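Written out below as structure tokens is the structure these notes cover.
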Amino acid sequence: MIERNNNTNVALEKLFEEFYTMITEARSVPFTEKIMLDEDDLVNLIEDLKNAIPREIKSATQVLEEQKNIVNKAYADADRIVQQAKNEAERIIGVAQAEADAKIRQEEVVKQASAVAEEIKANALRYQEETKAAADEYALRVKQDSLQYADDMLGYLGENLQSALQGLQDNRQNIAKEVHKVQYGESVEAPEEEATEA
């Protein structure tokens with residue numbers, strides 16, 4: 001099985017760690033539960049995330065393409081082996097038949113040669129079927145692994161994006177509340193609906 005390239009995955013995790021660090025290390029607004037974030041740092045980090053996520057998706061696509069190439073190669077190898085087995089069986093049958101023809105008057109020899117040829121043919125066909133079955137099983141296993149990896153990767157991306165978006169939404173709501181307090185005075189609480197719409 002192909003070893004998966006985790007370079008983009010590591011880069012994406014590092015960006016989310018920086019995002020988490022930025023939030024946890026941000027300065028608190030006095031007398032509130034709010035924090036202050038540097039707008040430039042936040043914008044730069046979001047841009048880095050926007051750039052890293054397509055690279056992660058591209059990496060997953062490349063893995064799928066490599067897995068597809070392995071499947072195709074497995075089928076090609078199976079076809080080649082089957083063809084070699086057929087050619088060898090035909091060659092052996094031809095040799096056996098030639099020997100049988102040379103001894104046509106010796107009925108017993110002819111029967112034995114035919115029996116040997118049929119056995120060889122049966123063995124070759126059995127080998128062909130076993131090889132194809134093994135190749136099909138391998139191809140199916142590779143495809144299943146590829147699809148599972150793609151599903152895991154998309155699930156991981158979805159979870160991280162959802163967490164980041166929730167954090168941004170929470171900060172927007174907090175800022176909206178602070179703006180409302182500044183406009184209407186410290187003693188007035190911003191209505192929930194207005195804070196959400198802001």
Side-chain angles (χ1 to χ4, degrees), residues 1-19 45-165:
M1 183 176 290
I2 291 178
E3 291 185 8
R4 297 168 182 157
N5 187 346
N6 290 325
N7 290 341
T8 53
N9 192 18
V10 171
L12 194 58
E13 289 180 359
K14 183 177 179 183
L15 288 172
F16 279 112
E17 287 177 5
E18 289 179 12
F19 191 43
L45 185 56
I46 292 173
E47 286 297 322
D48 289 342
L49 283 169
K50 286 170 62 180
N51 292 330
I53 289 171
R55 287 197 302 270
E56 183 67 17
I57 294 173
K58 181 179 179 182
S59 175
T61 302
Q62 288 174 343
V63 170
L64 285 175
E65 189 63 30
E66 290 174 359
Q67 299 285 14
K68 180 180 177 182
N69 291 337
I70 288 178
V71 171
N72 291 337
K73 185 177 183 301
Y75 277 116
D77 289 344
D79 290 341
R80 178 178 52 79
I81 292 170
V82 167
Q83 189 58 47
Q84 288 176 349
K86 285 182 178 179
N87 293 341
E88 182 64 14
E90 289 173 1
R91 186 189 69 79
I92 294 172
I93 291 170
V95 170
Q97 192 63 50
E99 292 177 355
D101 290 342
K103 300 176 182 179
I104 193 68
R105 295 179 183 176
Q106 301 176 17
E107 184 178 345
E108 188 60 30
V109 174
V110 172
K111 289 181 180 179
Q112 290 177 359
S114 296
V116 169
E118 287 300 320
E119 182 180 357
I120 292 172
K121 182 178 180 181
N123 289 338
L125 291 175
R126 185 170 62 253
Y127 179 72
Q128 170 189 339
E129 292 173 358
E130 291 174 354
T131 302
K132 188 176 185 306
D136 289 344
E137 181 181 355
Y138 176 73
L140 178 61
R141 188 168 63 252
V142 169
K143 183 177 181 181
Q144 289 172 338
D145 288 347
S146 299
L147 292 174
Q148 183 62 50
Y149 175 71
D151 183 64
D152 292 345
M153 187 61 63
L154 292 174
Y156 170 79
L157 290 174
E159 290 174 3
N160 283 286
L161 285 174
Q162 185 65 34
S163 177
L165 289 173

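We count residues from 1, following the sequence as given. If you're wondering where the values come from, they're calculated on a predicted model, not measured in any experiment.
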Inset, instruction - Check L140, V142, L147 against Q144 for a side chain to side chain contact (heavy atoms under 4.5 Å, CB included) and give me the one that passes. - result: L140
Legend entry - Rounded distance (nearest 0.5 Å) linking atom CZ of F16 with atom CG of D48: 11.5 Å
Inset, instruction - Please examine the side chains of Y149 and L64, heavy atoms only from C-beta on, and report whether any two atoms are closer than 4.5 Å. - result: no
Inset, instruction - Mind checking the CD-OG spacing from E99 to S114? Nearest 0.5 Å is all I need. - result: 11.5 Å
Legend entry - Minimum side-chain heavy-atom gap Q84-E88 below 4.5 Å: no
Inset, instruction - Measure the shortest side-chain to side-chain distance between V95 and R91 over non-hydrogen atoms and say whether it is less than 4.5 angstrom. - result: yes
Legend entry - Carboxylate-amine/guanidinium proximity below 4.0 Å for K132 and D136: yes
Legend entry - D145/Q148 under side-chain contact (heavy atoms from CB on, under 4.5 Å): CA gap, chis, key distance, verdict: CA-CA 5 Å; D145 288 347; Q148 183 62 50; 5.6 Å; no
Inset, instruction - Output the distance between atom NZ (K86) and atom CD1 (I93), rounded to the nearest 0.5 Å. - result: 12.0 Å
Inset, instruction - Can you measure from CD1 (I46) to CG (L15) and round to the nearest 0.5 angstrom? - result: 11.5 Å
Inset, instruction - Report yes if the side chains of K73 and I70 come closer than 4.5 Å at any heavy-atom pair, otherwise no. - result: no
Legend entry - Side-chain donor or acceptor of N51 paired with backbone N/O of E47 under 3.5 Å: yes
Inset, instruction - Check each of D152, N160, L154 against Y156 using the side chain to side chain contact (heavy atoms under 4.5 Å, CB included) test, and report the only one that passes. - result: N160
Inset, instruction - Calculate, to the nearest 0.5 Å, the distance between atoms CG and CG belonging to L161 and L49 respectively. - result: 8.0 Å
Inset, instruction - Provide the closest heavy-atom pair for K143 versus V71 in the form atom of the first, atom of the second, distance. - result: N-CG2, 4.5 Å
What side-chain donor-acceptor pairs closer than 3.5 Å can you find for residues 116-129, not counting sequence neighbours?
from, atom 1, to, atom 2, distance (Å)
N123, OD1, R126, NH1, 3.3
N123, OD1, R126, NH2, 2.5
N123, ND2, E119, O, 3.3

